[in-house]
Amino acid sequence: MARRHGLGAGRRGSGGRRAAAWLTLVAILALGRDVAANGAAPASAIAATGAETVAERLTGAAARVLARKELEGASVGIDVRSVPGGERVWARAPELALAPASNLKVVTIHLALATLGPRFHWETPLLIDAPIGADGVVAGNLWLRGSGDPTLQPCFFESEDEWAALQPFVQALALHGVKRISGDLIVDARAFDEEWVPRGWPADQLSTDYAAPVAALSLNRNRVRVRLTPRADGRLGGELRPGAWGWSVSTEVARAADRDEFTVNLLPPDPRGVIKVRGMAGAGIAAANVETNVTDPPDWFGRALRAALDRAGIAIGGQVRRPADGPDGGERLPERAQSLYTRRSPLLPALLLCGKESDNQIAEHLLKTCALVRFGRGTIANGARLVVELARECGVDPAAIEIADGSGLSRDNRIPPAFLSAVLCKAWSQPWRDDFVRCWPISGVDGSLDRRMTEPAMQYRVRAKTGYIARVSGLSGYALVGPVEAAETCAFSILINGFKGSNAEMKKVQDDLCRALVGAAAR
């Protein structure tokens, strides 16, 4: 599930006598220094961190933690390995295929860096298939071609304006002196398939922001927003932000007796393009935003772009449409086409949001982009092929792998903890290791671990991906083991399926296992 607060390093500082220790930890783990690269002790000695070895300490501590009542009937898989060598330090059912929830993003982000490279940019070109006349008229069509960029949304433009991602395209036409397109606005999203919602996503959550659809052309996370403000008659009126050509808003929001009540639903546009807002709002609600997911992302992008062009006084004479179907892949951009602008969006900021804040939609775009680059078409099936290839490289049985998406939201995914820990070890030896490590929340500091393992002995000691869907919980990443001055790094994966208790209880299990691994006392 996506969380959308800041991407900063954290809210808590470390001062006084602990400052040097925390700087050492950041140097080792946050910046990815390989403590074993220069003759450091192998896995068997990782753990000569006290009277007990790590394996001995985990054997005793894990037995106590895993005997807790809240784990009765649950399936638990754990794998702990040394970094970078990958030797197993301790495990319990490491080959058991389990649903990973958002821990699957460890695999997806690894694939993105391995397949695309850290310097990769998505490209979204805007083209015309006829020359610009002296009068500013293009006697042809305007083409927008998508390659799967998930960052065409306000936060990546350092803005809260819903129109922000559209402005560069509008400005490009204006700078070229275009005043009118006589033909159509063609939105070409054929780089990806049209399986916008992966199989296994919960049907009752498909209107939520963390289950937004995915396409080669995606705008504002494929979320349509209506801004509700009071009208002269005291009722709430609705404005679509950004606007969408051919769509309108119908508000049916009654005043509630409770001045603070706000129970309002937004329905996707009907066949006539009418978006209905229904519900109850109290007199204390002065203004509010309501959102829902669009059902056809490329069409939404095209309509919003046309509305933005209209605002700028640039007219389109034809329709918003997709390329026509036909032989050899259908309608193609003519060779004489002229590029007016190409939006180039870097990979790394998207990876950071995907990892730190568990953004599902970005993860889905990443998997399909990898499939596009490797196999020529962005499909979940092709993405799954890449995951299976990676499993083979890691020495994991492909029969244990089932991939339905790139984010982990689907309940149909299955991977063993051994695969996740092996991927973490493999990433540690890559030239892009630092970019990979920076993606993961830091214990007691930021992301989805900002309020976990907050005591001084655990702050900065764990960088890991959290994960939760119904009855599935996981934590996979890196932990610093032993005293700060001689800390070694382990990769670990903890997956829990079928538990009857709460996810808060599962987090406590995971955190206490991490404490045992690090060598800190359980809380």
Side-chain angles (χ1 to χ4, degrees), residues 115-116 120-133 136-152 165-166 168-170 172-173 175-196 213-219 222 244-246 294-306 308-309 314-345 364-365 367-383 385:
T115 306
L116 308 175
F120 175 84
H121 287 70
W122 284 279
E123 295 189 351
T124 307
L126 185 70
L127 311 102
I128 50 177
D129 60 15
I132 304 170
V137 175
V138 176
N141 301 308
L142 179 66
W143 288 69
L144 183 69
R145 302 182 71 183
S147 64
D149 185 355
T151 71
L152 295 172
L166 296 166
F169 299 99
V170 175
L173 286 171
L175 287 171
H176 281 85
V178 175
K179 298 179 180 178
R180 176 180 171 81
I181 304 291
S182 64
D184 299 328
L185 170 53
I186 301 175
V187 287
D188 188 350
R190 291 175 291 188
F192 285 6
D193 62 11
E194 293 192 357
E195 189 179 354
W196 295 325
V214 174
L217 280 170
S218 293
L219 174 70
N222 294 327
W245 175 77
V294 301
T295 55
D296 186 332
D299 181 64
W300 150 245
F301 200 139
R303 289 178 180 277
L305 178 57
R306 179 161 181 174
L309 292 171
I314 300 172
I316 294 180
Q319 302 295 311
V320 174
R321 66 175 177 87
R322 287 186 175 78
D325 292 332
D328 300 322
E331 184 178 8
R332 295 293 176 186
L333 187 69
E335 291 185 4
R336 66 178 184 277
Q338 175 187 351
S339 174
L340 301 183
Y341 170 72
T342 296
R343 168 68 184 180
R344 299 184 75 250
S345 301
E364 300 304 332
H365 281 83
L367 185 65
K368 286 192 173 184
T369 300
C370 290
L372 173 65
V373 168
R374 179 68 183 280
F375 299 115
R377 188 86 193 284
T379 70
I380 292 175
N382 282 339
R385 289 170 61 187

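These figures come from a predicted structure and were not determined experimentally.
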Judged by atom type as modelled, is there a donor-acceptor pair below 3.5 Å linking the side chain of [X] to the main-chain atoms of [Y]?
X	Y	answer
Asn222	Pro213	yes
Thr379	Asp193	no
Asp129	Asn141	yes
Arg374	Thr115	no
Arg377	Phe192	yes

Check whether the side chains of Ser345 and Arg343 place a donor and an acceptor atom closer than 3.5 Å, and report yes or no.
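Indeed, the side chains of Ser345 and Arg343 share at least one donor-acceptor pair under 3.5 Å.
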As an exercise, state the distance from [atom1] of [X] to [atom2] of [Y], rounded to the nearest 0.5 Å.
X	Y	atom1	atom2	answer
Leu367	Asn382	CG	CG	9.5 Å
Trp300	Ser218	CH2	OG	11.5 Å
Leu173	Leu305	CG	CG	7.5 Å
Leu340	His176	CG	NE2	5.0 Å

Please list, chain by chain and in numerical order, all residues satisfying ring pair (Phe, Tyr, Trp, His ring centres under 6.0 Å) with Trp122, sequence neighbours excluded.
Phe120
Return the set of residues passing ring pair (Phe, Tyr, Trp, His ring centres under 6.0 Å) with Tyr341 (not counting sequence neighbours), or none when no residue passes.
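Tyr341: ring pair (Phe, Tyr, Trp, His ring centres under 6.0 Å) contacts with Phe169.
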State, to 0.1 Å, how close [X] and [Y] come at their nearest heavy-atom pair, and which atoms those are.
X	Y	result
Thr369	Gly148	OG1-O, 4.0 Å
Ile181	Gly140	CG2-O, 3.3 Å
Pro323	Trp143	CG-CZ3, 4.1 Å
Ala130	Val138	O-CG1, 3.5 Å
Ala165	Leu152	CB-C, 3.6 Å
Ala139	Ser182	CA-OG, 3.1 Å

Quick check: do [X] and [Y] have side-chain heavy atoms less than 4.5 Å from each other?
X	Y	answer
Trp196	Pro298	yes
Gln319	Trp245	yes
Asp149	His365	no
Val178	Leu142	no
Leu217	Pro297	no

Which residues pass the salt bridge (Lys or Arg N to Asp or Glu O under 4.0 Å) test with [X], not counting sequence neighbours?
X	result
Asp188	Arg145, Arg190
Glu331	Arg321
Arg336	none
Arg303	Asp299

